[in-house]
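Heads up: the structure comes next, in structure tokens.
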Number of protein chains: 2
Amino acid sequence: MKSGPTIQDIAAEAGVSKSTVSLVLQESPRIKAETAEKVREAARKLGYVYNRGAATLRGRRSTTIGMVINDLTNPFFVELLVAIERVLAQSGYTTLMAHTAENLETQTRVLRSMREQNVAGLIMSPALGTSDDLPAEIQSWGIPLVLVMRPMGADVDTVGVDNEYGFALATEHLIEQGHTRIAFAGNRKGYAVANQRRQGYLSAMAKHSLSVNDDWIIDVELTPEGGRKAVRAIFEMKPRPTAVVCYNDQVAIGVLHELDRMGKRAGKALAVVGCDNVVAAEHTNPPLTTLFAGADKLGTIASETLLARLSETQEDEKPAVQYFAVPALVVRESSVGADATTSAATKKQALVAGER
Amino acid sequence: MKSGPTIQDIAAEAGVSKSTVSLVLQESPRIKAETAEKVREAARKLGYVYNRGAATLRGRRSTTIGMVINDLTNPFFVELLVAIERVLAQSGYTTLMAHTAENLETQTRVLRSMREQNVAGLIMSPALGTSDDLPAEIQSWGIPLVLVMRPMGADVDTVGVDNEYGFALATEHLIEQGHTRIAFAGNRKGYAVANQRRQGYLSAMAKHSLSVNDDWIIDVELTPEGGRKAVRAIFEMKPRPTAVVCYNDQVAIGVLHELDRMGKRAGKALAVVGCDNVVAAEHTNPPLTTLFAGADKLGTIASETLLARLSETQEDEKPAVQYFAVPALVVRESSVGADATTSAATKKQALVAGER
DNA sequence: CTGAAAGCGCTTACAG
DNA sequence: CTGAAAGCGCTTACAG
């Protein structure tokens, strides 16, 4: 921690006051071009490094944004994080990252730390079981908050996905393929997003007058292991479902794997649909049909929502943003078998392209 | 950005000086327990939030660590990041995250930003093509640096993997299975880690007096797409290799997928070995044999190396750490076919367990 | 055991 | 167009 030259040193070197140096560093038009150049030259010569912390302390405006993520083992959230970091960096903000691993105590600790670090704003995907009061509490700290993926009420900026629509779409796709007994894997009780997804599934079934057995709605962990359990459960039912809508791609990957282990193939023995279109979904065997909402786009919108909030003044404060992306279905072999895949995939890929 | 109470306010509330408040917050034993309790009570009452930035400015000691990652689309680096963030958080440090996506300009920008943020130390996995001078430059800034996964000389702290040993191990495993024509997929030219991995492969082949055709060493992108290209190349060779060692799991996943698309199965048509043991490797079809070095352990060691560096004084400065983990092979179906998998996997899993 | 004072490196009215 | 001065919220010798 050796401390380099300060604006004071530059001022001495350039023969001006430190006020002038500060103004030059901020590219203020109030300083004559000639003087400005002299100052910049001195800064270069001394190897000056701007001290953002000091500026934040004095100017009362921070340029770091906190990003709190619940589950980085899910590649969808990684894509989201990367997009957010990229957009914020472009706007001159630095990203403070923290991972909660769905642990509420970790989340509390992390939020305190971010507050102490004086973040200008927060983007957060709350851990499961987060109290409904948390968003209001964070806002009471004076820190703008954007929630991603997991909504917690209409009065806080939220960027997510229309899960109900998406899961109805996925279910209808399976119904179109002739399936009538369709399971839902990954129904975690008391979990808002799971409720939305199940609701989408149920509404599509109801719309086509298909009945749903209670045991088709399978409550398993939202991991590959959960997917494997779901397959074992399905193959013990009789008559058994011939298709399954999975909570997300992580679950679906477990489903594909367990089928493979049983010597069966997704798309033939059991039609499978996932959600998130993670990068790996294209490379599973067989490739996975899945809902696409665009982590990159969602991350961009979340960042822009926060940036807009940061630049607004007290008076022109806008109501909370509630953005829910409409997902599209990317059809691959896991839901239609090897034969139909090419044409269907091509058709739907075009649809996806049109969406963006 | 509303500013809350400061130590000044607490001092007034508690009827002491701000020096005393500061000392209490630092849990100094110099303050009487009774006074300390009075101060803490006042802080609680006023909803005080510590301003770490101000402390850093005055105390000249920062508690943020910069983490620069080259490729977060590779889950191995995500595991590494998560481990590092966890260990640093436990020691009271905050992680500033940046992603370079292998882009040198982004890396330069990001490093400047971290320097302006006054990070106490840096953990970095340098982007491809990073100049050999960079570590020395960073150290000249007075910022301790730990390199992960990509070594750049003996005079900078480095935590990585013994790639040559690992790839020899992987290659020998295939030779043991009776393969004599073995390819290497993912040989990026001029890339130090790729050189090490190729060298391990070559030395195992040489040790067993097996000749290597030039075209068996396949230069493709280090992605699933690269793996697919490698498979197409292999199946055009005659006589063609019957096994392939892949640069990493990303490449191997592409190999598995292309084989599946050709109606062939890894482990039968072509034995496949990857490297990293990413979480997904367990869930591919078929499951992937791969080298395991333990991202979690590597991340922990990298963090601890940096923390040790941060707490050392000028005099007791230790020579650069050069830690290279010895990888183990996790044998799954992709290299041995369905029959042999259970027993072999069990045996080797035990080996892996013993390693930790 | 506690307090008064100086100062970390900046920014921002204000004066000229 | 530029400078002198005050101050952001802390920490740290130093004095008592």
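Since this is a predicted model, take the numbers as computed values, not measurements. A, B, ... follow the sequence lines: proteins, then strands. Residue 1 opens every chain. Both backbone and side-chain heavy atoms feed into the values below; hydrogens, waters and symmetry mates do not.
B/Tyr50 has its OH atom 18 Å from the P atom of D/dC8, to the nearest Å.
Between the side chain of B/Thr158 and the backbone N or O of B/Val156 there is at least one donor-acceptor pair closer than 3.5 Å.
Contact annotation: the side chain of B/Met97 approaches that of A/Glu85 to within less than 4.5 Å [non-hydrogen atoms, C-beta and beyond].
The nucleotide whose nearest atom lies closest to any side-chain atom of B/Leu57 is, among C/dC10, C/dC1, D/dG9, D/dG9.
Side-chain N/O atoms of A/Thr6 include none lying less than 4.0 angstrom from OP1 or OP2 on C/dG9. Considering only side-chain N and O atoms, A/Arg61 lies under 4.0 angstrom from the phosphate OP1 or OP2 of C/dT12. Neither OP1 nor OP2 of D/dC10 sits under 4.0 Å from any side-chain N or O of B/Gln26. The phosphate of C/dC10 (OP1 or OP2) has no side-chain N or O of A/Ser22 nearer than 4.0 angstrom. Residue A/Thr56 places no side-chain N or O under 4.0 Å from the OP1 or OP2 atom of D/dC8. A/Gln8 has no side-chain polar atom (N or O) that falls below the 4.0 Å cut-off from OP1 or OP2 of C/dC8. The phosphate of C/dG3 (OP1 or OP2) has a side-chain N or O of B/Thr20 nearer than 4.0 angstrom. Contact check, B/Ser19 against C/dA4: no side-chain N or O comes under 4.0 Å of OP1 or OP2.
Each of B/Asn51 and B/Arg30 has a nearest nucleotide on DNA chain D; the 5'-most of these lies closest to B/Asn51. Annotation: of the two residues near DNA chain C, B/Lys18 and A/Val21, the 5′-most nearest-nucleotide partner is B/Lys18.
Base pairing of C/dA13 is not made with any nucleotide, judged by Watson-Crick or G-U wobble geometry with both donor-acceptor distances under 3.5 Å.
Side-chain atoms of A/Arg58 stay outside donor-acceptor range of the base of C/dT12, with no qualifying N/O pair under 3.5 Å.
When heavy atoms are screened at a 4.0 angstrom cut-off, A/Val24 is found touching no nucleic acid atom at all.
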